[in-house]
Number of protein chains: 2
Amino acid sequence: MERFLSNAINNVDKKGRVSIPASFRSILEARREFRLYTLLSIDMFCVDAGGTDLLETYEKRMGELDPLTSDYDDLSFYYHGDSAWMKIDGDGRIGLSEALREHTGITDKVAFVGRGTFFQMWQPERFAAYRNEARARIRAMKQRLAEQILPQEVR
Amino acid sequence: MERFLSNAINNVDKKGRVSIPASFRSILEARREFRLYTLLSIDMFCVDAGGTDLLETYEKRMGELDPLTSDYDDLSFYYHGDSAWMKIDGDGRIGLSEALREHTGITDKVAFVGRGTFFQMWQPERFAAYRNEARARIRAMKQRLAEQILPQEVR
DNA sequence: ACAATGCCCTTGGGATACCATGGGGAAATA
DNA sequence: TATTTCCCCATGGTATCCCAAGGGCATTGT
């Protein structure tokens, strides 16, 4: 299946609309998705977005829990309550909701970031900052792995 | 089947009516439901609402118990005694009962929260508080899982 | 190699439909 | 008869639909 790849920054017009990058749109269109499932991220200031399959992934994850547990309840509360369908208009745009703006800090520009099976929407500055942090963590990770693989004496 | 998704806050007018969010309404209409099954939640200050299928889900749950047990009796007492049908008017509104107000603390605003197969009605402040708690619990849940997967030495 | 052309993508804006809300008044209830 | 419930219509704001234009990129032709 085609992946959501790369990133782009698009402008919000005065009606509060943004164009979804064409490369993302064509993936959605190929899957006959005419709306976006969006979820306010729990640990980042961004929104996860994708097709129905994204929601189904989450529901599958929930499905592995007993419906009577509080874990299940919390997950359902989050996946269904903190998410929304966003209609994609004929020109491939979406209208940003108040909840989305508040959670992400987005005002006049949106950074779209491919994440493989889904993509994210960020306020550009926050995206840049997060990206730098993530890169630093990856460098550290590589370092750790290298130390793990090479025995002490060889280093 | 279409899910109840996202959340919205609507006003109660001086006649005591609230509009059900259009996205929720359209799901009910598609299922030819012209009234709402509502149940005072046991462990939250909210009301669960949905179509006939919601009541049927509960009855099925009861059905798995022995009718002669006190558990069965309690559940039946709860599902049938603490619930009510709410009529939906031609404009998609419902009138709030005294019992509902008392249990939820709702006065002039209602937070509607999608829960997939049903939705909830909250007093907005209580909803905001519960939502923050739930999100915190999920963050902790993710943390637990991450620690479970990564062996101690690698961390 | 450079210029011209055409296509695709993003952005803009007017018109329209939908939705939440308010209120009048009739019908049902007590 | 008084009060509540229900049905109807009105309105302001917002979201959606439709059409148009400007700019960048690649392709084509000279």
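In the text below, chain A, chain B and the rest are named by the order of the sequence lines, each starting its count at 1. Keep in mind the model is a prediction, meaning the values are calculated, not measured.
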message: If the cut-off is 4.0 Å, is A/Arg25 near the phosphate of C/dT10, judged by side-chain N/O to OP1 or OP2?
response: yes

statement: Residue pairs meeting ring-ring contact (aromatic ring centres under 6.0 Å, His included), one or both in residues 29-63 of chain A, sequence neighbours left out, come to A/Tyr37-A/Trp85, A/Tyr58-A/Tyr79

- line: B/Ser83 and B/Leu39 have their tightest heavy-atom pair at CB-CD1, 3.8 Å

- prompt: Do you know which two heavy atoms are closest between A/Arg31 and A/Glu2, and how far apart they sit?
  reply: NH2-O, 3.2 Å

message: Please find the pair of heavy atoms, one from B/Thr117 and one from B/Asp53, that lie closest to each other, and give the distance.
response: O-OD2, 4.1 Å

Distance in angstrom units between B/Glu98 CD and D/dT5 P, rounded: 11 Å

- prompt: Across the strands shown, which category fits A/Ile94 at heavy-atom distances under 4.0 angstrom: base, sugar-phosphate, nothing?
  reply: nothing

Whole angstrom value for the distance that separates C1' of C/dC9 from CG of A/Asp13: 15 Å

task: Using the closest heavy atom to pick a nucleotide of DNA chain C for each, name whichever of B/Ala22 or B/Lys14 lands nearer the 5' end.
output: B/Ala22

message: Looking at A/Gln123 and A/Thr107, would you say the former's side chain and the latter's main chain have a donor-acceptor pair under 3.5 Å?
response: no

message: I need a per-nucleotide contact map over nucleotides 10-24 of chain D, read 5' to 3'. Cutoff is protein heavy atoms under 4.0 Å; write B for the base, S for backbone only, - otherwise.
response: ------BBBB-----

query: To the nearest Å, how far apart are A/Ile9 CD1 and C/dT10 P?
result: 13 Å

- prompt: Roughly how many Å is it from CG in A/Asp108 to C1' in C/dT10, rounded to a whole number?
  reply: 15 Å

- request: Measure across A/Ile20 and A/Asn10 and return the closest heavy-atom pair with its distance rounded to 0.1 Å.
  value: C-ND2, 4.3 Å

- prompt: B/Met86 has an atom CE; how far is it from atom P of D/dC6, in whole Å?
  reply: 10 Å

- request: Take the protein atom CG of B/Asn11 and the nucleotide atom C1' of C/dG23, then report the distance between them rounded to whole Å.
  value: 16 Å

